[in-house]
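Reviewing the structure listed below.
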Amino acid sequence: MADNDILLEASELTRVFDGITVLDRFSFQLRRGEVLGMLGANGAGKTTAMNMLLGLTTPTSGSIRAFGMDLFKNRVAVLQRCNFSSAYTNLPSNLKVWQNLKVFAMIYGVKDAAKKIDSLLELFEITDLKKHVTGHLSAGESTRVNLCKALLNDPELLLLDEPTASLDPDIADKVRKTLRKVQAERGIGILYTSHNMRDIEEVCDRVIFLHKGKVVAEGTPSEIVEKTQERSLEDVFIKIARSGDVEEQAG
Ligand SMILES: Nc1ncnc2c1ncn2[C@@H]1O[C@H](COP(=O)(O)OP(=O)(O)OP(=O)(O)O)[C@@H](O)[C@H]1O
């Protein structure tokens with residue numbers, strides 16, 4: 001595979017907080033056009049890893065390369081080509097939805113921002129929320145506004161932290177399909193966390209399971225289920241969360 005197919009590469013990322021290792025030699029590669037799921041129980045280290053990949057937390061050791069560049073030495077150049085959305089981060093609450101998106105569009109230097117904002121609101125079926133005050137939105141509405149924000153700069157690399165966490169099943173289904181469509185059309189690489197295994201099976205090409213900061217299983221969702229001889233990805237998740245590992249069965 002050509003090196004420029006690798007959008008993001010974490011090598012031996014380790015983070016120690018107060019003497020406790022919360023990320024332990026975590027390595028992975030994310031390729032252009034791939035959706036990689038990062039799974040693990042509460043406290044497994046996913047948010048710590050996401051924060052490092054956004055340049056917000058420094059690793060105790062290890063390195064991150066994005067688009068072939070060292071993240072910490074080329075933070076601005078890297079972050080211009082990325083974006084991020086989380087169910088748990090809020091946009092400024094006093095602005096209307098379009099004002100918020102306009103501010104981000106200006107920060108990102110988006111050309112023809114009004115048209116871009118309208119097309120993204122339409123994509124996530126929230127055009128009717130354009131003039132609503134952001135702080136008055138429901139959790140699911142504000143999640144979709146956040147996703148609009150995350151696509152404003154046409155990122156090549158997208159970090160999504162539980163993007164469907166607050167969505168009802170109908171909207172979650174639509175959002176998954178929309179994300180998959182946009183991702184396939186534009187060849188975006190996505191790192192995706194979720195506690196919803198349906199989400200993961202539908203959206204992710206490949207997954208990594210973290211337990212106490214260590215990678216304990218890796219592969220396509222169906223490969224992992226087959227190798228571990230569990231009944232479903234959800235069963236694999238529960239097994240790892242409770243016993244810390246899954247045995248891979250031979251043959
Ligand atoms: N700044 C910090 N100082 C000390 N400990 C921290 C800090 N940030 C995270 N931790 C610890 O690191 C571990 C991993 O936390 P992290 O938030 O990365 O887990 P997570 O996999 O995202 O969990 P969840 O699914 O609950 O969001 C936890 O035990 C947490 O308490």
Side-chain angles (χ1 to χ4, degrees), residues 7-8 30 32-33 35 47 50-58 64-167 171 174-176 178-193:
L7 285 183
L8 182 63
L30 171 64
R32 201 172 285 281
V35 185
T47 304
M50 278 281 190
N51 286 342
M52 275 185 198
L53 297 166
L54 286 165
L56 300 173
T57 299
T58 43
I64 300 168
R65 294 184 74 76
F67 314 111
M69 297 179 268
D70 180 292
L71 169 66
F72 293 98
K73 290 187 187 141
N74 301 275
R75 202 187 301 240
V76 173
V78 167
L79 293 179
Q80 274 172 353
R81 297 166 68 180
C82 298
N83 216 311
F84 167 75
S85 176
S86 164
Y88 306 108
T89 50
N90 294 322
L91 297 170
S93 62
N94 53 335
L95 298 181
K96 293 189 174 157
V97 167
W98 72 267
Q99 290 171 322
N100 251 318
L101 295 174
K102 180 92 188 289
V103 169
F104 279 95
M106 279 158 57
I107 292 171
Y108 300 148
V110 175
K111 292 196 188 91
D112 212 349
K115 197 167 153 205
K116 183 86 186 172
I117 290 167
D118 284 348
S119 74
L120 287 168
L121 290 171
E122 200 179 321
L123 184 68
F124 287 101
E125 299 183 23
I126 49 170
T127 301
D128 55 321
L129 301 179
K130 186 172 172 177
K131 293 185 182 156
H132 287 217
V133 175
T134 307
H136 296 166
L137 299 178
S138 75
E141 289 167 347
S142 99
T143 295
R144 281 176 284 162
V145 174
N146 254 302
L147 287 167
C148 291
K149 184 244 34 161
L151 291 174
L152 269 174
N153 62 333
D154 286 324
E156 293 165 69
L157 172 62
L158 200 47
L159 307 181
L160 299 180
D161 193 9
E162 298 193 44
T164 59
S166 54
L167 302 177
I171 302 294
K174 286 183 177 165
V175 164
R176 280 194 293 268
T178 304
L179 282 173
R180 248 323 199 179
K181 180 169 163 273
V182 173
Q183 181 268 337
E185 280 170 6
R186 304 184 192 168
I188 305 172
I190 301 184
L191 185 68
Y192 194 102
T193 80

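Side chains are part of it too, since the values below use all heavy atoms of this structure and drop only hydrogens, waters and symmetry mates. On a predicted model such as this, the values are computed, not experimentally measured, just so you know.
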| query | With L120, which of I126, L101, L151, V182 fulfils side-chain contact (heavy atoms from CB on, under 4.5 Å)? | reply | L151
May I ask you to test the [X]-[Y] pair for a side-chain heavy-atom distance under 4.5 Å?
X: L91; Y: N146; value: yes
X: N100; Y: V145; value: no
X: T178; Y: E125; value: no
X: F84; Y: L53; value: no
X: V78; Y: I64; value: no
X: M50; Y: L191; value: yes
X: Y108; Y: N83; value: yes

Does [Y] offer a backbone N or O that forms a donor-acceptor pair with the side chain of [X] under 3.5 Å?
X: N74; Y: A77; value: no
X: S85; Y: L160; value: no
X: T164; Y: L167; value: no

| How would you list all residue pairs meeting salt bridge (Lys or Arg N to Asp or Glu O under 4.0 Å) that involve residues 77-91, not counting sequence neighbours? | R81-E156
With a cut-off of 3.5 Å and sequence neighbours excluded, list every side-chain donor-acceptor pair involving residues 111-118.
from: K116; atom 1: NZ; to: D154; atom 2: OD1; distance (Å): 2.8
from: K116; atom 1: NZ; to: D154; atom 2: OD2; distance (Å): 3.2
from: D118; atom 1: OD1; to: K130; atom 2: NZ; distance (Å): 2.8

